[in-house]
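Structure, as structure tokens:
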Amino acid sequence: MPELPEVETIRQTLKAMVINKTIKDVSVFWPKIIKQPDDVKEFSHLIRGQTIEDIGRKGKFLLFQLTDYVLVSHLRMEGKYGVFTKDEPVLNHTHVIFHFTDQTELRYNDVRKFGTMHLFSKGEELKEKPLSTLAPDPFEDTFTFSEFYNKVTKSERVIKNILLDQTVVAGLGNIYVDETLFKAGVHPLKKGVDLSSKEIKAIQKYAKETLAEAVAQGGTTIRSYVNTQGQIGMFQQQLFAYGQTNKPCKHCGAPIEKIKVSGRGTHFCPSCQPN
DNA sequence: GTGGGTGTTGAAGT
DNA sequence: TACTTCAACACCCA
């Protein structure tokens with residue numbers, strides 16, 4: 001489901017609801033979600049008694065800063081968090097429940113069960129996968145043009161795939177890659193090695209701009225995304241390419257085309273994004 | 001029913 | 001290295 005703007009919206013809404021709450025116990029109904037430590041009993045044991053001091057984000061990952069540990073959570077396609085009182089009925093597809101000492105609970109719901117959770121001792125989370133290989137997102141100072149340029153131009157891969165690669169730039173997914181390439185006027189099948197400095201500059205600029213606008217709109221809701229308070233995003237009204245198949249391009253009127261790139265639906269304007 | 005598609009990402013095979 | 005396929009899983013739609 002979510003890309004950077006959706007995860008950031010979740011981070012903000014969730015933080016307000018669980019900050020300073022202490023975890024009394026954890027229930028895990030689908031153990032495969034817990035990737036670290038291997039043993040779910042160990043996971044529960046370590047997390048008991050921990051207080052949520054802050055919630056951060058790196059790329060599409062949420063980082064729950066606990067008293068002694070950091071819980072790294074990825075929502076993949078359909079993961080959602082919600083805060084409930086303990087007597088509210090548990091929804092279908094709820095796989096992890098963090099029971100707080102104040103009778104409320106944080107529930108993780110994930111229809112497709114693709115989401116992951118890793119628990120690390122504080123300070124270890126950046127040294128190990130999945131965060132150790134993650135590139136900076138476009139908002140971080142460490143996301144520099146020269147490094148981005150080098151990674152793009154030394155690749156024979158098509159730009160669509162390069163931008164989906166979280167070790168090149170973090171936070172972009174299928175929607176925002178299509179939007180970024182549209183605004184930059186770059187065809188999704190162009191190879192990284194063939195891109196000009198000007199094109200890469202435009203991609204960098206519009207990636208940041210598009211993500212910032214989407215964060216301001218509370219993310220994009222295509223079918224199932226809602227934030228922690230159950231609210232949908234609004235950015236879908238401002239999409240130029242994604243999901244606009246056969247609709248007239250908002251810049252030139254030519255019909256938006258949809259093709260498949262490495263198995264991912266890819267939308268672009270054949271006139272504004274020539275190959 | 002049946003197959004294809006879905007906002008993600010790793011692993012396995014070539 | 002990198003590309004393709006598949007796998008994880010459930011649901012929606014034509």
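Lettering of chains follows the sequences in order, A, B, ..., and the numbering in each one begins at 1. Remember, it's a predicted structure, so these values are computed and weren't measured experimentally.
- Nearest to the side-chain atoms of R76(A) among the listed nucleotides dG5(B), dG10(B), dC11(C) stands dG10(B).
- Straight-line distance between the P atoms of dG5(B) and dT5(C): roughly 13 Å, to the nearest whole Å.
- Atom C1' of dG4(B) sits at a distance of 16 Å from the matching atom of dC6(C), rounded to the whole Å.
- In this structure, the side chain of Q166(A) engages the main chain of G171(A) through a donor-acceptor pair within 3.5 Å.
- A salt bridge links E78(A) with K80(A): at least one charged nitrogen is closer than 4.0 Å to a carboxylate oxygen.
- Taking atom NZ of K32(A) as the reference point, atom C1' of dA11(B) lies 14 Å away to the nearest angstrom.
- Base pairing of dT8(B) is made with dA8(C), judged by Watson-Crick or G-U wobble geometry with both donor-acceptor distances under 3.5 Å.
- Here the P atom of nucleotide dT9(B) and the CG atom of L131(A) are 12 Å apart, to the nearest Å.
- dA2(C) atom P lies 17 Å from atom CG of L189(A), rounded to whole Å.
- K160(A) and T266(A) share a side-chain donor-acceptor pair at under 3.5 Å.
- Following rounding to the nearest Å, Q166(A) (CD) and dT9(B) (P) show an atom-to-atom distance of 4 Å.
- For the pair I162(A) CD1 and dC3(C) C1', the computed distance is 13 Å after rounding to whole Å.
- Salt bridge present: R57(A) and E8(A) bring a charged side-chain N and a carboxylate O closer than 4.0 Å.
- Although no hydrogens or angles enter the test, the distance criterion places a donor-acceptor pair under 3.5 Å between the side chain of T221(A) and the main chain of G233(A).
- Heavy atoms of K129(A) sit nowhere under 4.0 angstrom from any nucleic acid atom.
- When only modelled atom types and interatomic distance are considered, T13(A) and Y81(A) share no side-chain donor-acceptor pair under 3.5 Å.
- Among the atoms of the strands shown, none is found under 4.0 Å from any heavy atom of T116(A).
- Each of K260(A) and R264(A) was matched to the nucleotide of DNA chain B holding its nearest heavy atom; the match closer to the 5' end belongs to K260(A).
- Counting non-hydrogen atoms under 4.0 angstrom, G265(A) reaches the backbone sugars and phosphates but no base.
- Candidate nucleotides dA10(C), dC9(C), dG5(B) were compared by shortest atom distance to the side chain of W30(A), and dC9(C) ranks first.
- When each of dT8(B), dG5(B), dG7(B) is scored by its nearest atom to the side-chain atoms of F114(A), the top-ranked nucleotide is dT8(B).
- Going from atom CD of Q236(A) over to atom P of dT6(B) covers 18 Å, rounded to whole Å.
- R157(A) has a side-chain polar atom (N or O) that falls below the 4.0 Å cut-off from OP1 or OP2 of dC3(C).
- Straight-line distance from the CG atom of D165(A) to the C1' atom of dA2(C): 11 Å, rounded to whole Å.
- Taking the nucleotide of DNA chain C with the nearest heavy atom to each of K154(A) and G263(A), the more 5' of the two is matched to K154(A).
- Look at CG on N109(A): it is 13 Å from C1' on dC9(C), rounded to the nearest Å.
- The phosphate of dC11(C) (OP1 or OP2) has a side-chain N or O of H93(A) nearer than 4.0 angstrom.
- Contact between the side-chain N/O atoms of S262(A) and the OP1/OP2 oxygens of dT4(C) is found at a separation under 4.0 Å.
- Checked against dG5(B), dG7(B), dA10(C), the side chain of Y242(A) finds its nearest nucleotide in dG7(B).
- Looking at heavy-atom distances under 4.0 Å, Y176(A) makes no contact with the nucleic acid at all.
- The side chain of E3(A) has dT8(B) as its nearest neighbour among dC11(C), dT8(B), dT6(B).
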